[in-house]
A.B. asks: 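Submitted below is the structure of interest, expressed as structure tokens.
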There are 2 protein chains.
Amino acid sequence: MPADVSLATVAAQAGVSVSTVSRIVNGETRRASPATVQRVRDAIEAVGYRPNPAGRALRRGETQLVAVLAANLDNPAMATIASSTEAALREAGYVMILCDTHDRPELQDEYLAAMRVQRVGGLVMIAAVASPGLAEMAGAGVPMVFVTRRNPVGPGLFVGIDDRAAGAAVADRFVAAGCRRPAVVFPRRGSSASRDRVAGFVDRLAALGVASEAVLRGEGDGLSHLQVGYDGSAALFERADRPDAVLCVSDQIAYGLARRAREAGIGIPDPCCVVSIDGTPLNQWVAPWLASVRIPYPVYGAEIVAGLEAIRRGEAPAERLLPFAFG
Amino acid sequence: MPADVSLATVAAQAGVSVSTVSRIVNGETRRASPATVQRVRDAIEAVGYRPNPAGRALRRGETQLVAVLAANLDNPAMATIASSTEAALREAGYVMILCDTHDRPELQDEYLAAMRVQRVGGLVMIAAVASPGLAEMAGAGVPMVFVTRRNPVGPGLFVGIDDRAAGAAVADRFVAAGCRRPAVVFPRRGSSASRDRVAGFVDRLAALGVASEAVLRGEGDGLSHLQVGYDGSAALFERADRPDAVLCVSDQIAYGLARRAREAGIGIPDPCCVVSIDGTPLNQWVAPWLASVRIPYPVYGAEIVAGLEAIRRGEAPAERLLPFAFG
DNA sequence: CTGAAAGCGCTTACAG
DNA sequence: CTGAAAGCGCTTACAG
């Protein structure tokens, strides 16, 4: 229905000027008489008017578009964040542009530049990677929020969990369960999130009397956490003194580890229990043997949008740490 | 870098009019002298000019935006399609807007209307549902392609596989393997894809001597195929004459069935072998017991964009059926 | 081969 | 309380 109805159409229908209609469309109602407001609203309704975003964007120098740059949409956790962000943005009147950077700095920069040209009203970086353009962008005045991973090249609003605390919680559980040989599997070229989870785990174990050197570490390379888990756990399972409890810093790493365990004939959770940090719903279906720290990804969207709007209002960007829990 | 550089900036720099610059930017080079073309190109380079999409959209009445409406981004197959579509669109100079309809007609219509207002240059419907607005949209002249599910309310360009043939291929395999009690699990309120897979399976079995009545059917409700598999397989496993071979019309249904089998203490693939249609990479990691017909989702993106551009060129929309294979 | 001008739809000082 | 006018950046007949 809206296609050729412009402000002018409404103005003609209501018998007022386009200026007046524009003001009312934008909520500037107190400067108009109640009768006019009503007449204009009726006219809008009657002709089915919806503002043309191009006209508005041209004038304002900014669109209702918000770009989400995600490192890897094939990762279910990121797909869930993207999905919840989409819903929250829509709710708030924005439209989501989605870009998959494949964790590659050049591609991230290419997108960043393209989104600048598009005059997006905000930028959501899910697992951002360090890149020249990222630093530049921060200075451009576009509201930006960093999800899951902190801004690798500067300050910035962060939405995520307390990663150190999550790692520590797993350490507590292992010790409480009487595990004797804890291990952790993580990506070698890790993000702030991975690193913090590992550090929180190791530090808490140390505080509880397990020396850092006694904690086995399995590192894997590559973008795919499935592969990281598979590769990173290989050495652990070949040892004579195998671990009896392994922390995987993501669900996908746990899936990769499970495949390795299967091939090595090692049972999970007995004799080796596995805990991951993510807690994606899929676990219950395909990995019932897996215990997890559950991250509330479905609520990330709302937090991200709230953060974006806080920046837009000029508030000082404060971290938004969400609660996690075993489950 | 581009932010306040407009056609006028370039024109001043090159010492020509904006008309001339505009033409050259748009590839209209043969009407200009080679010297001018060169001068303008240098100027563009020098000032880092990139056309402002808002100005262009306002003038042309159409943007470089293409909207992808997906029924459920939490479904890995759809996430993979979305991801490959994003890459192909970017390659072709478009920008992807992503919307999650949650398989709900009202939400789909809301998005359709919003995308119309945005003046998107194309619409990609991944698993579209029937809705009033969908029929309307077809008449609006926006290029549209239907992925996975055919247009439920009319004609339209389809990108997918030959679903009947995929079902039939599974029937062939079951018969060749000497299975005696085949079954199929599918969503009760299914799409064209589900229905065709089931029909292809049943018809081929009939042709091979297994009467349609002898094929056990498990149906499940709801949007989640995980749940569909869990619910739909319950009755199958309670029977005295349990199936020895089950076709699940999607990977997720197979995951759901597996959970049920686990709880019922039934082994897979022995005594009951399971085949699904999807063949997502995750299978190898979390469901090594699962055989699949593999659908080449990573190439969907390129096909979708090719289809969009064919429509745009005014070609008659022909189906684009992609090859599938066991693996 | 090139440029001046109109107009896409919107917002916003400014004048009244 | 309301409107005329300018201008955001672009494209495209039209004139030369």
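Note that these values count all heavy atoms, side chains included, but never hydrogens, waters or copies made by symmetry.
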A.B. asks: My validator wants the stems of DNA chain C: runs of 3 or more consecutive Watson-Crick or G-U pairs, both distances under 3.5 Å, written as range with range.
C.D. replies: C:1-3 with D:14-16, C:5-12 with D:5-12, C:14-16 with D:1-3
A.B. asks: Using atom CD of A:E28 as one end and atom C1' of D:dG3 as the other, report the distance to the nearest whole Å.
C.D. replies: 15 Å
A.B. asks: Any non-hydrogen side-chain atom of A:T63 less than 4.5 Å from a side-chain atom of A:V95?
C.D. replies: no
A.B. asks: Determine yes or no for a side-chain-to-main-chain donor-acceptor pair under 3.5 angstrom, with B:R39 supplying the side chain and B:A14 the backbone.
C.D. replies: yes
A.B. asks: Should B:N52 be listed as having a side-chain N or O under 4.0 Å from OP1 or OP2 of D:dC8?
C.D. replies: no
A.B. asks: Take the protein atom CZ of A:R59 and the nucleotide atom C1' of C:dT11, then report the distance between them rounded to whole Å.
C.D. replies: 4 Å
A.B. asks: Tell me: CZ of B:R50 to P of D:dC10, nearest whole Å?
C.D. replies: 12 Å
A.B. asks: May I ask you to say what B:S22 touches in the nucleic acid, namely base, sugar-phosphate or nothing, with a heavy-atom cut-off under 4.0 Å?
C.D. replies: base
A.B. asks: Rounding to a whole Å, what distance do you find between A:E62:CD and C:dT11:C1'?
C.D. replies: 14 Å
A.B. asks: Would you mind classifying the nucleic acid contact of A:A32 as base, sugar-phosphate or nothing, using non-hydrogen atoms under 4.0 angstrom?
C.D. replies: sugar-phosphate
A.B. asks: Map B:R60 and B:T36 onto DNA chain C by nearest heavy atom, then report which one ends up closer to the 5' terminus.
C.D. replies: B:T36
A.B. asks: Between P on C:dG7 and CG on A:L58, what's the gap in Å once rounded to a whole number?
C.D. replies: 17 Å
A.B. asks: Kindly state each residue pair satisfying salt bridge (charged side-chain N to carboxylate O under 4.0 Å, His left out) with at least one member in residues 86-99 of chain B, sequence neighbours excluded.
C.D. replies: A:E110-B:R90
A.B. asks: Could you check whether any side-chain heavy atom of B:E136 comes within less than 4.5 Å of a side-chain heavy atom of B:R116, counting everything from C-beta outward?
C.D. replies: yes
A.B. asks: How many Å lie between CZ on B:R119 and C1' on C:dC10, as a whole number?
C.D. replies: 12 Å
A.B. asks: Would you please name every residue forming a side chain to side chain contact (heavy atoms under 4.5 Å, CB included) with A:L58, sequence neighbours left out?
C.D. replies: B:N52, B:A54, B:L58
A.B. asks: Per the salt bridge (charged side-chain N to carboxylate O under 4.0 Å, His left out) rule, what does the pair list look like for residues 57-73 of chain B, sequence neighbours excluded?
C.D. replies: B:E62-B:R312
A.B. asks: Please give, in whole Å, the distance from D:dC1 P to A:R39 CZ?
C.D. replies: 14 Å
A.B. asks: Got a list of side-chain donor-acceptor pairs under 3.5 Å for residues 66-75 of chain A, not counting sequence neighbours?
C.D. replies:
from: A:N72; atom 1: OD1; to: A:D74; atom 2: N; distance (Å): 3.1
from: A:D74; atom 1: OD1; to: B:T80; atom 2: OG1; distance (Å): 3.3
from: A:N75; atom 1: OD1; to: A:A77; atom 2: N; distance (Å): 2.8

A.B. asks: For C:dG9 and A:R56 - does any side-chain N or O of the residue sit under 4.0 Å from the phosphate oxygens OP1/OP2?
C.D. replies: no
A.B. asks: Where each residue is assigned the nucleotide of DNA chain D containing its nearest heavy atom, which of B:N26 and A:P34 is assigned the position nearer the 5′ end?
C.D. replies: A:P34
A.B. asks: With hydrogens left out and only the distance checked, is there a donor-acceptor pair under 3.5 Å joining B:R23's side chain and the base of C:dG3?
C.D. replies: yes
A.B. asks: Under the rule for salt bridge (charged side-chain N to carboxylate O under 4.0 Å, His left out), what residues qualify as partners of B:E106, not counting sequence neighbours?
C.D. replies: B:R104
A.B. asks: By side chain to side chain contact (heavy atoms under 4.5 Å, CB included), which residues pair with A:L322, not counting sequence neighbours?
C.D. replies: A:V159, A:P296, A:V299, A:Y300, A:E303
A.B. asks: Hey, can you pull the residues of residues 7-20 of chain B with a non-hydrogen atom under 4.0 angstrom from DNA chain D?
C.D. replies: B:L7, B:S19
A.B. asks: Find the distance A:I24:CD1 to D:dC1:C1' and express it as a whole number of Å.
C.D. replies: 10 Å
A.B. asks: What residues, two or more places apart in sequence or in another chain, satisfy side chain to side chain contact (heavy atoms under 4.5 Å, CB included) together with A:A11?
C.D. replies: A:V18, A:V21
